[in-house]
6 protein chains.
Amino acid sequence: MKRETVQVLLEALPYIKEFHGKTFVIKFGGSAMKNENAKEAFIKDLVLLKYTGINPVIVHGGGSEISSLMNQLGIEPVFKNGYRITDEKTMEIVEMVLVGKVNKDIVMNINLHGGKAIGVCGKDGELLLAEKETKYGDIGYVGKVKKVDTTLIKGLLVEGYIPVIAPIGFGEDGTSYNINADIVAAEIAKSLEVEKLVLLTDVDGVFKDGKLLPILSSKEAEDLIEKNIVKGGMIPKLQCAISAVNSGVKSVHIINGGVEHALLLEIFSKEGIGTMIKNLEV
Amino acid sequence: MKRETVQVLLEALPYIKEFHGKTFVIKFGGSAMKNENAKEAFIKDLVLLKYTGINPVIVHGGGSEISSLMNQLGIEPVFKNGYRITDEKTMEIVEMVLVGKVNKDIVMNINLHGGKAIGVCGKDGELLLAEKETKYGDIGYVGKVKKVDTTLIKGLLVEGYIPVIAPIGFGEDGTSYNINADIVAAEIAKSLEVEKLVLLTDVDGVFKDGKLLPILSSKEAEDLIEKNIVKGGMIPKLQCAISAVNSGVKSVHIINGGVEHALLLEIFSKEGIGTMIKNLEV
Amino acid sequence: MKRETVQVLLEALPYIKEFHGKTFVIKFGGSAMKNENAKEAFIKDLVLLKYTGINPVIVHGGGSEISSLMNQLGIEPVFKNGYRITDEKTMEIVEMVLVGKVNKDIVMNINLHGGKAIGVCGKDGELLLAEKETKYGDIGYVGKVKKVDTTLIKGLLVEGYIPVIAPIGFGEDGTSYNINADIVAAEIAKSLEVEKLVLLTDVDGVFKDGKLLPILSSKEAEDLIEKNIVKGGMIPKLQCAISAVNSGVKSVHIINGGVEHALLLEIFSKEGIGTMIKNLEV
Amino acid sequence: MKRETVQVLLEALPYIKEFHGKTFVIKFGGSAMKNENAKEAFIKDLVLLKYTGINPVIVHGGGSEISSLMNQLGIEPVFKNGYRITDEKTMEIVEMVLVGKVNKDIVMNINLHGGKAIGVCGKDGELLLAEKETKYGDIGYVGKVKKVDTTLIKGLLVEGYIPVIAPIGFGEDGTSYNINADIVAAEIAKSLEVEKLVLLTDVDGVFKDGKLLPILSSKEAEDLIEKNIVKGGMIPKLQCAISAVNSGVKSVHIINGGVEHALLLEIFSKEGIGTMIKNLEV
Amino acid sequence: MKRETVQVLLEALPYIKEFHGKTFVIKFGGSAMKNENAKEAFIKDLVLLKYTGINPVIVHGGGSEISSLMNQLGIEPVFKNGYRITDEKTMEIVEMVLVGKVNKDIVMNINLHGGKAIGVCGKDGELLLAEKETKYGDIGYVGKVKKVDTTLIKGLLVEGYIPVIAPIGFGEDGTSYNINADIVAAEIAKSLEVEKLVLLTDVDGVFKDGKLLPILSSKEAEDLIEKNIVKGGMIPKLQCAISAVNSGVKSVHIINGGVEHALLLEIFSKEGIGTMIKNLEV
Amino acid sequence: MKRETVQVLLEALPYIKEFHGKTFVIKFGGSAMKNENAKEAFIKDLVLLKYTGINPVIVHGGGSEISSLMNQLGIEPVFKNGYRITDEKTMEIVEMVLVGKVNKDIVMNINLHGGKAIGVCGKDGELLLAEKETKYGDIGYVGKVKKVDTTLIKGLLVEGYIPVIAPIGFGEDGTSYNINADIVAAEIAKSLEVEKLVLLTDVDGVFKDGKLLPILSSKEAEDLIEKNIVKGGMIPKLQCAISAVNSGVKSVHIINGGVEHALLLEIFSKEGIGTMIKNLEV
């Protein structure tokens, strides 16, 4: 370590102090997961956060890996309003890929970088009770969250583990449900009443008139949706953010997971690199 | 509850007293897993054990489900000396099926019957460090156990959970290894220094001259192998049993998982239904 | 254990689950105490409850043993409105018999059957502050409960003991008081806010028009008293039950202690064998 | 409080410091129990000890009360070698009187003076496993200590209670045994590895040539017995003391319980008022 | 210890019982500190209190030692309205003398008498946040208490230490402030919600018409100030007492620290030797 | 935070992982204390260490501040073999300056930078029992360490505080002793069995033939002394280092405290900036 670099380390100190002992829920998915460099940078960031006293909880997606196995099995992925139409066979594939491949791959990577990770899905310890999502008609085993029981997650955090959660829920009869990872992350963040919810996406944040908005109140975020300024996949992300902020999460960050070390760049600096949504009135 | 049946309940009392607060590692696989009635009976037995103060830890197999997905993907399963030759693609399938399907199916079933289960594999919390098994030449990603770290399992037991373990290990570089479930069960039993290791198989126990042997010392078990009295798949099972008993596990039980409630019938009675291996000299 | 009998064991599972970790106060007296078979069956039931995770607290009577020693000492027992007229000499006999004989006999029996019991009276740890009962004039050292301090009982339960309580209270000047065991059981049940209060009596439960009433709301129980449908010794028992249910005890059971295993038959079945009083409106 | 009296209080300080947090087993019996003034003084001393951080454990006798009830029941007390010949009827009386009368009377007195006492006998929590004493032939239900389990006593001390123990043991089949209180006190002192064992007797201590011996090594105490210098009831007391000191009890005190405040006078001064036995060589 | 003196010890028992487990904040200063006999008597009293289960917290002054060092350094002490005018150099002297000399001298004395003391000032653990006192104009680094954080003190009490506090506060920029010790004692007493605040002064208590007032309500104390009955240095002391009593301190005692054992004489007797201020209406 | 700087942060990660949860004793003195920039850099380094999970314990000197007050008081400082000849008056000054000025100044600085510091000296909690140092004849109240009791320090570390220790010891009669801060740091490091002892000095480390030696075994360090290669003040420092390493301290670092951020530069890099002494044979 050279003299100049110590200075850099000390720049992070105010943020380390501020967030020491706090919990962050982080949705990991999209390019952050597909790009090997971004992925490794993300894992390193996680482990650094853990060692500086911040407790990360990871919720991951894995859409492209699912489609890949479906293709190998000769099944055509079909989407409706951004949701994967999920018949019984597809549900089985979703669960195998998310829980048995993507989740354990993340766990292994964290452990190799010096963290202690545990991978679970919504069935473990009855974490995510779900029910059928019907707002776009019958799209099969797509679920929404009915009840979150974070007893298991809290216990793992106390023991110093990094929980890694696959977004699979269970119905009251044991049926598996495929749930959107952003929604799962937001619901867990709300249930744990965390300091921050971070959503890694494939864009740099929320834009208006071609300009990135660094900070938004939940009220402003609602306006952007109402006035059709934000569109497509950003709408449900913003809705997650608004819902989280209104339920006690201190701030939500929408950042570009494809940027290496996006997580540290957002958290350990004043201006950040993406969009932060807060309840500014409070 | 009728008067006669109370008597039955009280028959179990001496066993409940004896094993209260003790831990049992149970290998669940074979017909017990394929036969729906036997499977449900097994789950119910587990939950009853838990409520009477015994701590079950489950290690499961899942060979037939693996072969089924391989077939769907057009890959021919190949075996050598009872081990599945496991190339990279096969390893991926093994992990997806065991961790993402079989494991979570057991977890869900236990929860539906009133237990609180958590499913993990050998990567979670660095439970099972593995290395390549080479005694039959290069058979790919088949592993053997190099080190067991039961910190996670102990923590889950203290919190009242039933741990359910998929027999996947990790190498020092993060490589996945497919490990025999009997071996994993025996290694975890040894590491936890448990009261009992129970291996559910497809036969009634160990036979000699056509007669079931209800009890064996580890010395006698060694003789049966040496003199070629036991053969085939029973040999590695007996070796697991001998190794466990010699390392401090109080007794090992080899029973027929296809018999409904085999677990309770073995544990809550004097004579049992299978073969018990103990260190009789002690 | 035979195959059919496992089924019986599993019948109890829903009740074991429901009452796991809960506390029951059980008044033990009358024929249950005098009939050796019923007594041994009761002790076995207690120990089974304890091992399945239920915490029993026993309050006992002992009237016939008291009268027996009085007779040996040439003192004539005299009763008024069901209360034993208790002069100083009688009080000394009551205390010696209940605390020094009946209580320790129960403690010893529980220990011999594998439980860990501790016998105490209302003086130990200032459990039962009493004052003179005057509603039927001066009947000597008959007391009523003025204040219950369950610190000691809670401590014993945490340590895994079965507390066995002799119904002797103390006045503010240290005077001993003889208190009705049903009342002591009800007051302790209220103070501990338990799941169940079970009163073992010599009849099968509460009857109306010659028919056993399996379930009663506290309101219905009050009506039965008001309309003179129940009579004699059942009236104070029902009053104890009503008072307990109205103060937060979930249910009160009046059952025939002379029936072997009455306790398990009542608790581990849907219909039970006696009368249950609940606050049905809640 | 006057100025001179503060000085007195401070005189006790070195002893309070020395014994803070230590446990004393005190055998209470004889004149200390019969003389009302000595008894009240003893109870006050106990409570003061407790408040200054010393943990007293009381073991009591009660011979004269037993004989009194036997006389009322027309039974003649018979003794042999200082032991009460104890047939079944006598054993019942012994237990009722010690446990149901003497013990609870001491408990009540301590509570009235501001302590928190719990009375138990050797059956509670399986404190005193006993077997028949046969060294003087068959003298009935007189027992000797076979095993001490102080789990219960330790738990009560942690909770701040003063345990009061009646010297009744139980045989492996549940039979009651009458055990000498000095022996019970010594065995409990040894099992708890206490600082002091104090035996209250009816004489001022151990004498030689008409002079009180203020301090004795266990070796000197053995000599006094061997050379017939001490006689009668003092012999078993000295044997208890020697056995206790040789098993790790720091010192044993034999003092005159008939002297008011004998306990404080012995403990809170350099010279004491009775005889102290220590392992001087250590 | 002689027989008569035991009686004396027992006289203290009711007070020991009453205050067992309670915390007292004691302001130590004036003649109590200058007179060697009074000082040693005070230290002994403290240690006795600690051993009888009372938790003393000491706040000390040290004016004369400060003036002495100032004189050696050729600086003339100047006072205004009873406050020492404190320029930067003086503040440095005040802090060195109070923290580095007086405080450690008290700590050492307590330890030599068998207590376990820890000396701290208002900077340690951010105990006393202060701000400039301006009510008498600019008198330099004289401070008043802005916020008390007793986390450290509570932790030390749990570990069994006697905290000894020098009345130095810190400003938000780290500036040192000299604060009146009576005020610090009162603020800490309020923050800890203690049983008693004891102020050792150089007079016997509060007088009216030449007569010592043994007890005062806070209302009466206010009247005495309003009607100019008390004067000079007693006014701020009474204001501290009133403020403490009105904020939940049970009683405040103003006693003459020059009297040997003033502390015990006040606390361990009914009438006391000084003036007690209580909220009599409650 | 810019992208390049994140990289810097991650460079520290391996060191943060390695030392997480470990304790370092750091001797702070000399130029590190006199140079305002170096001092502030040191304090920031400390706080960063604390937030990354390392527990620093500070021992400080303060020689120049002592001499300054002595000069103001007209006393001439006299040294012999590097020790300050310490008469009674000097000892008083040493204690006031170290405990009442230097110590609290460090505490205040740490708190202002976001740490939680507590300043103590060797008298608090009887941390440092000392005796007269006589190896250079009578040099007054100069002491050496006789016994270290780190109960207090361990308790403060558990509560999350940074202990700051002034090197003042106490004799068995309460006499104050002035002890060399390097020796105190080494003795505390040995008693706590810490990971690292860091000595901040005014030179860059240990030199041989004009070249800085980056690493030394304790054997090599002994040779350097024996062969007169190191001289003057470095000899006692090396002796402290050798003694610490031989008693279980993992490594000792001698670094130049005048270099800004010397602490982080030494700890968070492979090569370091000073000399490390280790027990290389182990």
Side-chain angles (χ1 to χ4, degrees), chain E residues 62 65 68-69 71-75 89 91-113 115-127 129 149 151-152 154-156 158-164 166 168-176, chain F residues 62 65 68-69 71-75 89 91-113 115-127 129 149 151-152 154-156 158-164 166 168-176:
Chain E
E65 302 248 14
S68 157
L69 182 60
N71 289 333
Q72 290 173 52
L73 287 161
I75 306 170
K89 183 69 199 162
M91 185 63 231
E92 204 177 298
I93 294 166
V94 166
E95 195 168 353
M96 282 197 298
V97 170
L98 290 185
V99 176
K101 188 161 184 228
V102 177
N103 185 279
K104 295 309 167 189
D105 182 52
I106 299 170
V107 164
M108 196 66 244
N109 261 289
I110 294 175
N111 289 350
L112 285 175
H113 283 85
K116 293 192 301 169
I118 306 294
V120 298
C121 77
K123 293 176 174 178
D124 296 291
E126 303 196 337
L127 173 57
L129 179 63
D149 179 345
T151 311
L152 171 62
K154 283 176 188 159
L156 294 174
V158 165
E159 299 295 317
Y161 291 109
I162 299 176
V164 179
I168 303 294
F170 68 97
E172 260 155 20
D173 60 352
T175 312
S176 297
Chain F
E65 302 249 12
S68 156
L69 183 59
N71 289 334
Q72 290 173 51
L73 287 160
I75 307 171
K89 183 69 199 161
M91 185 64 232
E92 203 177 299
I93 293 166
V94 166
E95 196 169 351
M96 283 197 300
V97 170
L98 290 186
V99 175
K101 188 159 185 231
V102 178
N103 184 279
K104 296 309 167 191
D105 182 52
I106 299 170
V107 165
M108 196 66 243
N109 261 290
I110 295 175
N111 289 349
L112 285 175
H113 282 86
K116 293 192 300 169
I118 305 294
V120 298
C121 76
K123 293 176 174 179
D124 296 290
E126 303 195 337
L127 173 57
L129 178 63
D149 179 346
T151 311
L152 171 62
K154 283 176 189 159
L156 294 174
V158 165
E159 300 295 317
Y161 291 109
I162 299 176
V164 180
I168 302 294
F170 68 98
E172 260 155 21
D173 61 351
T175 310
S176 297

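Naming: A, B, ... by sequence-line order, numbering from 1 per chain.
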Asks: Could you have a look at F:Met108, F:Glu159, F:Glu172 and say which one has the most heavy-atom pairs with chain E under 4.5 angstrom?
Replies: F:Met108
Asks: Output the distance between atom OH (F:Tyr161) and atom CG (E:Leu152), rounded to the nearest 0.5 Å.
Replies: 4.5 Å
Asks: If I measure from the heavy atoms of chain E, does F:Asn109 come under 4.5 Å with its side chain, its backbone, both, or neither?
Replies: neither
Asks: Measure distances from F:Leu127 to the heavy atoms of chain E and classify the residue's part below 4.5 Å as side chain, backbone, both or neither.
Replies: neither
Asks: Checking E:Gln72 now: which residues fulfil side-chain contact (heavy atoms from CB on, under 4.5 Å) with it, not counting sequence neighbours?
Replies: E:Ser68, E:Leu69, F:Leu73, F:Lys89
Asks: Considering only heavy atoms, which portion of F:Val107 lies under 4.5 Å from any heavy atom of chain E: side chain, backbone, both, or neither?
Replies: side chain
Asks: Please look at E:Lys104 and chain F and tell me whether the side chain, the backbone, both or neither of the residue comes under 4.5 angstrom of a heavy atom of that chain.
Replies: both
Asks: Can you give me the closest heavy-atom contact between E:Leu112 and F:Asp173, atom names plus distance?
Replies: CD1-O, 3.7 Å
Asks: What distance do F:Leu156 atom CG and E:Ile118 atom CD1 have between them, rounded to the nearest 0.5 Å?
Replies: 7.5 Å
Asks: How long is the span from the NZ atom in E:Lys123 to the CD1 atom in F:Ile110, to the nearest 0.5 Å?
Replies: 12.5 Å
Asks: To the nearest 0.5 Å, how far apart are CG in F:Leu129 and CG in E:Asn111?
Replies: 11.0 Å
Asks: Go through F:Gly155, F:Gly125, F:Gly74 and name the one with the most non-hydrogen pairs under 4.5 angstrom from chain E.
Replies: F:Gly125
Asks: Could you tell me which residues satisfy side-chain contact (heavy atoms from CB on, under 4.5 Å) with F:Lys101, sequence neighbours excluded, listed by chain and number?
Replies: E:Glu92, E:Met96, F:Glu65
Asks: Can you tell which part of E:Ser176 gets under 4.5 Å to a heavy atom of chain F, answering side chain, backbone, both or neither?
Replies: neither
